[in-house]
Amino acid sequence: MNILAIETSCDETSAAVVADGERVLGQVTASQMEIHRQFGGVVPEVASRRHVQAITRVVDTALAQAGLGFADLGAIGVTMGPGLLGALLVGVTAAKAYSLATGLPLVGVHHIAGHVAAALLEEPDRPPVRPPFLCLVASGGHTELYEVDASFAFKRLGGTRDDAAGEAYDKVARLIGLAYPGGPEVDRLARLGDPGRFSFPRGLLDDPSLDFSFSGMKTAVLVALDKLKRQGQAVPVEDVCASFQAAVIEVLVEKTRRAASMTGHRTVVVAGGVAANRGLRAAMQAMAAEEGLEVHFPSPALCTDNAAMIGAAAYLRAQEGRFDTLELGAYADLTLEEWQSGRYPMD
Amino acid sequence: MSVIAMDTATDVLALAVADEDGRLMSSLVEFLPRAHSRLLQPSLGHLLAGARMNIHDVKLCVTGVGPGSYTGVRIAVAAAKAIGHACAIPIVSVPTVDGMAMALACAEGQRFGAFMALIDARRDRAFGCWYRLEDGRLWAQCEPTVQALSDWFAIADRERASIVASGRRLGDSAEAQGVRVRPWNEIAPMMPTALVRLGLSGSYERFEGERVHDLAPLYVLPTEAEAKLGAKGEGGE
Ligand SMILES: [Zn+2]
């Protein structure tokens, strides 16, 4: 079954055509990164305006790449939440209108389920992963550990109590004056610095739960920078990045190790924008080798927001015969539990 | 063969299915704020079914493009673009204020006169435009724009224009200033007719083929973030 998928939850307008939930036949993402860089972050109204401008063109180009027309499709998948409400609405509205115009059934997809489903996509250097598995989702909006069962149902094991990992990266990047989005730049600079130069706290590392906390790390970086400034010293940017990254990665890796031993899962998927972080990839691989686990990362291009991952998740939902009506809404705060149960919150 | 028309830029959702001569076959006007995104597609489906039409019988899509609520206007525009794209039909873009003014003329049974349509834009401002109606044809006397309510009212007074106004605050301000306005939710039942009539008038831009992708809302105002950035660029703050 070929699925046309649409993703507009934040600042990327993306459309893809995915065959059988695993082969990407076409994908186009109109990135707004350059626009939002001027503002130092995503401005919701600007993002929504760009989405409505680009929405049908990305769909048209994705279909052209796939060499398919609307008649060759079996369903339309769309991100229904969580995310920026105005941005989500553009994608949901277009998807519902495509559904009305073509008679194709509609599948609303949870954005995080999409990030995880990115691991189910076939890639040149890696076979697709099949559930069950343990999953760490780390992005600008989320840091969560889930058990994913054979039917792709999610059970939350723990998650951040304050900032998401990606959010901490962006905040620290701003503190040291790096351009938005700062995460990838921190990752790059970290490889040039000394991770032992500063000792930043490992939030909740000693806590028995599988929860995370990153706000303390950000504060510790701020304190360290202030101290350097008071002493009239230049900021060793590379060392700050390396030390900060070491702290974040240690907690992410250790909690994942614990979750694997607690649940007995041998397969681990790391998804979300932060999964593109090279430092995290290396540390997870090393931990997996020690523990005899198999760890999978979607390719960096499929870790950031994209429609192909939404198509993969929509396929599984469609296989279960779970479709949505033309009344489908968009939800800024949709939880995975709500999406799984199909009982969406009332407006 | 039929024409569909829609507008979601105000608190009112207006939808129409008409024949090629502009005769309404089914229509719907809902005064249900913040429900447009829920209702647009299912309602359009019901209207087509009620008119015994299939979406593939639709040969033209007329859409209101604002100004008005930013989130609201994107709903009709995104839907129109997707329908225009999937059904390979042209889209005609009609400013929402033109539709409102035409609806007011229809409601008052006028073929001549001056009309003004206003939509609350907060801070005592309104999106709006004013028109002369000559033998049933609407002639805009300015570009749709945003300005202080008092400026709009001064024009209306000078031109003896009838006013239709969307937004409760706007209605209250008008009353406080002794200006007579017709509330939009009372006039809105004529919006489906007005949209179809204007859409078929040949006076509005048509987006066809590749150009369907170029259709964009008429926001009138830049976003606040862009306005600030622009001010910085010009050396102001
Ligand atoms: Zn994401």
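A quick note: this is a predicted structure, and the numbers were derived from the prediction, not measured. First the proteins, then the strands, lettered A, B, ... as listed; each starts at 1.
Residues A:Val92 and B:Ser37 form no side-chain contact, since every pair of their non-hydrogen atoms from C-beta on lies 4.5 Å or further apart.
The OG1 atom of A:Thr102 sits 10.5 Å away from atom CD1 of B:Ile83, with the distance rounded to the nearest 0.5 Å. Annotation: the span from B:His36 atom NE2 to A:Thr93 atom OG1 amounts to 11.5 Å, rounded to 0.5 Å. The distance from atom CG of B:Leu40 to atom CG of A:Leu100, rounded to the nearest 0.5 Å, is 8.5 Å. Note that NE2 of B:His85 and CD1 of A:Ile55 are 11.0 Å apart. Values are rounded to the nearest 0.5 Å. Between B:Arg38 atom CZ and A:Thr325 atom OG1 the span is 8.0 Å, to the nearest 0.5 Å. With rounding to the nearest 0.5 Å, the separation of CD1 in B:Ile75 from NZ in A:Lys96 is 8.5 Å.
Heavy-atom neighbours of A:Glu320 CD from other residues, nucleotides or ligands within 6.0 Å: above the threshold of 12. Enclosure of atom CZ in B:Arg52 is not indicated, since only 12 or fewer non-hydrogen atoms of other residues, nucleotides or ligands lie within 6.0 angstrom. Around atom CG of A:Asp333, no more than 12 heavy atoms belonging to other residues, nucleotides or ligands sit under 6.0 Å away. Within a 6.0 Å radius of CZ in A:Arg37, other residues, nucleotides and ligands contribute more than 12 heavy atoms. Counted within 6.0 Å of NZ on B:Lys59, heavy atoms from surrounding residues, nucleotides or ligands total more than 12; the atom is thus considered enclosed.
If you measure heavy-atom distances from A:Ser48 to chain B, the contacts under 4.5 Å come from both the backbone and the side chain. Heavy atoms closer than 4.5 Å to chain B are found nowhere in A:Leu85, neither backbone nor side chain. Of the atoms belonging to A:Gln53, it is backbone heavy atoms, and not side-chain ones, that fall under 4.5 Å from chain B. Of the atoms belonging to A:Phe70, it is side-chain heavy atoms, and not backbone ones, that fall under 4.5 Å from chain B. For A:Val46, the parts lying near chain B are the backbone and the side chain together; criterion is any non-hydrogen pair under 4.5 Å. In this structure, chain A has heavy atoms under 4.5 Å from both the backbone and the side chain of B:Ala225.
Between chain B and the options A:Arg49, A:Glu327, A:Gln38, the largest number of non-hydrogen pairs under 4.5 Å is found for A:Arg49. The candidate from A:Ser99, A:Ala94, A:Gly86, A:Ala95 with the greatest count of non-hydrogen atom pairs under 4.5 Å with chain B is A:Ala94. Interface check for chain A: of the options B:Pro42, B:Ser43, B:Ala78, the most heavy-atom pairs under 4.5 Å are formed by B:Pro42. Among B:Asp214, B:Asn54, B:Thr71, the residue making the largest number of heavy-atom pairs under 4.5 Å with chain A is B:Asp214.
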Candidate pair A:Leu89 and B:Arg74, rule side chain to side chain contact (heavy atoms under 4.5 Å, CB included), full reasoning: CA-CA 8 Å; A:Leu89 272 173; B:Arg74 282 192 281 270; over 6 Å; no
Show the numbers, then the answer: is there a side chain to side chain contact (heavy atoms under 4.5 Å, CB included) between A:Val43 and B:Glu224? CA-CA 10 Å; A:Val43 180; B:Glu224 274 172 39; over 6 Å; no
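In this structure, A:Arg50 and B:Glu226 approach most closely via the heavy-atom pair NH2-OE2, 4.4 Å. Closest non-hydrogen pair, B:Ala82 versus A:Tyr98, comes out as O-CE2, 3.5 Å.
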